[in-house]
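Order of listing sets the numbers, starting from 1, for every ligand and every atom in it. Quick caveat, the model's predicted, so the values are computed rather than measured. Below, all heavy atoms of this structure are taken into account, side chains as well, without hydrogens, waters or symmetry copies.
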Amino acid sequence: MRIALCASEAVPFAKTGGLADVAGALPLALENLGQDVIIIMPAYKTIQNLTKDISCSIIGKNIKVYFIENDKYFNRDGLYGDKNGDYKDNLDRFSYYCKKTLELLKQINFKADIIHIHDWQAALIPVYLEKLYQKDNFYKDIKTLLTIHNIGYQGLFAKEEFPKLGLDWSLFNMECFEFYGKINLLKAGIVFSDIINTVSPTYSKEIQTKDFGYGLEGVLNKRKGWLFGILNGLDYTIRNPESDKFIAQNYSKENIEDKYKNKENLQKLCKLPVNLGVPLFGIVSRLAEQKGFDILAQGIEEICRRDLQLVILGTGDQKYYNILGDIAKKYPKVISLHLKFDESLAHNIYAGSDIFLMPSKYEPCGLGQMISLRYGTIPLVFKTGGLADTVNSDNGFVFQRYSKEDLIKAIDRAAKAYKSKDKWRKVALQAMGYNFSWEESGKKYIELYEKAKGR
Ligand code: ADP
């Protein structure tokens, strides 16, 4: 099958979040599964610094990556905004990207079976395909799949900007672009794509409810027969305790005891008392309410009074810097706080902690829990989205009511379980055996492409 993957960011060219990981890794899996894949993304400044020929690059064996060029729109430091917020011309920028992407397919004569669209930045593609390009025979049989990585980001713009899209005003209605008086690009993408999916089965159901849908539950509900969920995979070439270059001591299921050398190293790195008997909790996360920092902040003082240690690595909301900063000063032997982005420390936390805390309020897929499992570090999560699909009572600790009290109870359960050394070892070994590979996810995406083709 010929697949054109369209995303506003992809590893290794440009990244602000998980979308880039998916857009960079899924094509590699698809290529290994015998599919013909290309990637089309904007030619940001970072890319101009990366490769000489910015019209096209190659990843994997022969996956061509095409960059849509426009200096005025894309030759900037940020992808979507700067310190003053979102760029004011994001609608111009991404509607341009969508139109040019469709034109590029014809120029390079890539007769795609499927255009695989990601998030709001690319969501105009199915609309343009149907409204502007359908008359051209070249585009006639192309089907579309829209993947939603986080429904919280929809691409909202003022109604007055609608003429910029080059579409008939009649499309600005409640069944299509209109959303509480604004333009909603993701909504139009949902309406016009052949198939839609999110990055975990549970999240695909959750977003059809008021609590999780961010206002799009109604339109998603209408399309529920064509809405699916596929878990993201993990890049096991990077996420592997046997070969991880960042950690103090490599280990595997065969010598899991060596994991404790990483714990000792982490305690030293974090200036915590070196003590293998105390349960060590780790967090690597954006410091945001979505990631559970509201209930964590409410309970942090109680948590710090317990016999445990907690290492937090993250960047995000100032509010949490302040709360956690004060607590870290008060309990220096319990909590070690690192307010930065640090790849090396992140690997050391995954390897050296006993328990990985990820109490997200909502979580489309989540990587942290899958990474920690691979390192034999037991995840503790709230039962939501991708966390509910990957963590259960066999491989982790799950709490079901989103509250400070239930989080603390789960922490107590984990701390108690840690004391039964033999049982803990068994769970850790089992955790290390889980496999969330891109190959499996790739196969599921191919099934969806086939479904779309049959539509
Ligand atoms: P998100 O919603 O932020 O994309 P995920 O769990 O899907 O959450 O992925 C977050 C990724 O970013 C993980 O690989 C995590 O280890 C990494 N990460 C988050 N914060 C930091 C940080 N401060 N330093 C290093 N890595 C981080």
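F74 and Y44 have perpendicular rings, their planes meeting at more than 60° on a 0 to 90° scale where under 30° would count as parallel. Between Y445 and Y449, the ring planes lie tilted relative to each other; the angle falls in the 30° to 60° range. Between W424 and F397, the ring planes lie parallel to each other; the angle is under 30°, not in the 30° to 60° tilted range.
Sorted by chain then number, the residues whose non-hydrogen atoms approach ligand 1 to under 4.0 Å are G18, R239, V284, S285, R286, K291, L313, G314, K340, F341, D342, A346, Y350, M358, G366, L367, G368, I371.
Between K444 and E440 there is no salt bridge, since none of the side-chain N atoms of the basic residue sits less than 4.0 Å from a carboxylate O of the acidic one.
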Show every donor-acceptor pair shorter than 3.5 Å between a side-chain atom in residues 7-14 and any protein atom, with sequence neighbours excluded, or say none if there are none.
residue	atom	partner	partner atom	Å
S8	OG	Y80	OH	2.8
E9	OE1	T16	N	2.5
E9	OE1	T16	OG1	3.3
E9	OE1	G17	N	3.1
E9	OE2	T16	OG1	2.7
E9	OE2	Y80	OH	2.5

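For N70 and Y97, the side-chain atoms include no donor-acceptor pair closer than 3.5 Å.
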